[in-house]
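Naming convention: chains lettered A, B, ... in sequence-line order (proteins, then strands); numbering from 1 in each chain. Source: prediction; values computed, not measured.
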Amino acid sequence: MAVNQESGFLTTKVSDFLGWCRKYSLFPYPFVTACCGMEYMSVSSAHYDLDRFGAAWPRFSPRQADLLMVVGTISHKMAPVLQMVYAQMCEPKWVMAFGVCTCTGGFYNNYATVQGIDTIVPVDIYVPGCPPRPEAVIDGIIKLQKKIQADHHSMFGPKSDERN
Amino acid sequence: MSETKKNNPSPVLDQLIARFGEAVQIADAPHGDTVIVEPTKAAEIIGWLKNEPGLDFNMLMDLHGVDYLPRDPRFEVVYQLYSLKHNRRIWLRVQLGELNPEIESVVSLYLGANWLEREAWDMFGIVFSGHPDLRRILMYEEFEGHPLRRDYPFNKRQPICPPLTKHL
């Protein structure tokens, strides 16, 4: 747990509490463009059950979501759409790159494919694999939860993250 | 399929040569009846194959461009026709030069050719004259060049969104 030198006891406790609340109530927005979507269905439904980690309910409006799961290859033609969806999400928000195509472009090293979505939106957690196993996605969710808990959360105003 | 080979030409090829003569050349292909067709005659021949009683090639299975870069007639357009009535296929190959790869559209014969010709234009820059709406279908409007041409640099990227300057 990172304690800011300038923060007092109460501020850090509020931050810890908000982090604890936020990490167990992730609302994913599945931005599914390709075959990784099958793996996303598996991980989000009963067999692997992301609900156990508080990240179950997919919201199909970016305005109601706080975790953007980018699942599948993003082409240059699709990139402005992804940026628009990211911009529509309210703070605080996190981004998961699901599958190797979103992490680096994967084996689509060609004219059409974005070579890693971190060139167009900021990414918090990378889950490589083609497609990643559901266990890998769950591992990624847990790592993201640790990251959220370690962040500083303010009761008012935007998340004190430098990415905007 | 293997009995319809060069040694034993099929009745369709016989009819084609009897009708069009020099404009049609039989090509040796392992997959079936294949002819190389004069570019100026291609649309006429396809229309004849479609409408001639007894042939009835009423379905355009596929239409695609090919780039044989070092070769002199650089581009090729391949039409694959199918006759639902006779369960018979034929491949037509049209060779086009590098400077002005242009060929008559077959959208008036097969509506399905619309998007196929747009794809061949998008990927190879082959112009289909008479096409009702010849614009890109896979790539975005801002894209420059034709990505499946063999002289398109394999590592050239044309992103719409400028890359992020600030990283986490």
Side-chain angles (χ1 to χ4, degrees), chain A residues 2 31 33-34 68 70 73-87 91-97 101-126 140 143-144 146-148 150-152 158-164, chain B residues 62-70 74-78 96 98 101 114-128 131-168:
Chain A
F31 193 92
T33 56
L68 177 62
V70 186
T73 321
I74 300 297
S75 62
H76 286 303
K77 201 173 177 178
M78 185 58 98
V81 181
L82 179 62
Q83 278 192 333
M84 171 81 80
V85 166
Y86 179 77
E91 289 282 353
K93 55 187 170 185
W94 298 276
V95 178
M96 171 188 268
C101 291
T102 53
C103 294
T104 64
F107 50 73
Y108 295 113
N109 186 7
N110 61 24
Y111 59 91
T113 307
V114 174
Q115 302 296 299
I117 58 161
D118 50 4
T119 59
I120 49 173
V121 293
V123 176
D124 291 277
I125 187 92
Y126 298 84
K143 283 193 164 65
L144 177 64
K146 284 183 179 156
K147 179 178 180 174
I148 293 171
D151 262 358
H152 178 75
K159 192 156 70 93
S160 64
D161 203 340
E162 293 180 345
R163 62 188 173 186
N164 299 311
Chain B
D62 204 356
L63 183 162
H64 48 267
V66 193
D67 184 1
Y68 293 96
L69 179 57
R74 179 177 161 181
F75 295 105
E76 233 172 56
V77 179
V78 183
L96 298 170
E98 179 169 6
N114 190 323
W115 284 14
L116 298 171
E117 288 180 352
R118 279 176 65 187
E119 186 189 9
W121 152 250
D122 191 359
M123 294 287 123
F124 294 99
I126 295 165
V127 179
F128 293 87
H131 189 285
D133 183 24
L134 193 65
R135 59 192 164 92
R136 292 189 181 278
I137 185 168
L138 294 171
M139 306 310 293
Y140 31 97
E141 288 298 319
E142 301 90 333
F143 196 87
E144 287 173 9
H146 302 281
L148 287 194
R149 284 192 172 189
R150 296 184 83 170
D151 52 4
Y152 186 89
F154 77 96
N155 53 0
K156 187 178 175 187
R157 301 285 183 268
Q158 302 185 36
I160 304 178
C161 303
L164 282 187
T165 50
K166 202 193 292 181
H167 282 276
L168 288 177

- [ ] Measure across A:Tyr111 and B:Arg157 and return the closest heavy-atom pair with its distance rounded to 0.1 Å.
- [x] N-NH1, 3.8 Å
Task: Interchain contact, B:Pro153 with chain A, by part (heavy-atom threshold 4.5 Å) - done: neither
- [ ] Calculate, to the nearest 0.5 Å, the distance between atoms CG and CG belonging to A:Asn110 and B:Asn155 respectively.
- [x] 11.5 Å
TODO: Calculate, to the nearest 0.5 Å, the distance between atoms SG and CE belonging to B:Cys161 and A:Met84 respectively.
DONE: 10.5 Å
Open item on the list: Within this structure, what is the CZ-NZ distance for the pair B:Phe143 and A:Lys77, rounded to the nearest 0.5 Å?
Closed with: 11.5 Å
Task: Engaged part of A:Val114 at the chain B interface, taking heavy atoms whose separation is under 4.5 Å - done: neither
Open item on the list: Quick check on B:Leu148 against chain A: is it the side chain, the backbone, both or neither that has a heavy atom closer than 4.5 Å?
Closed with: side chain
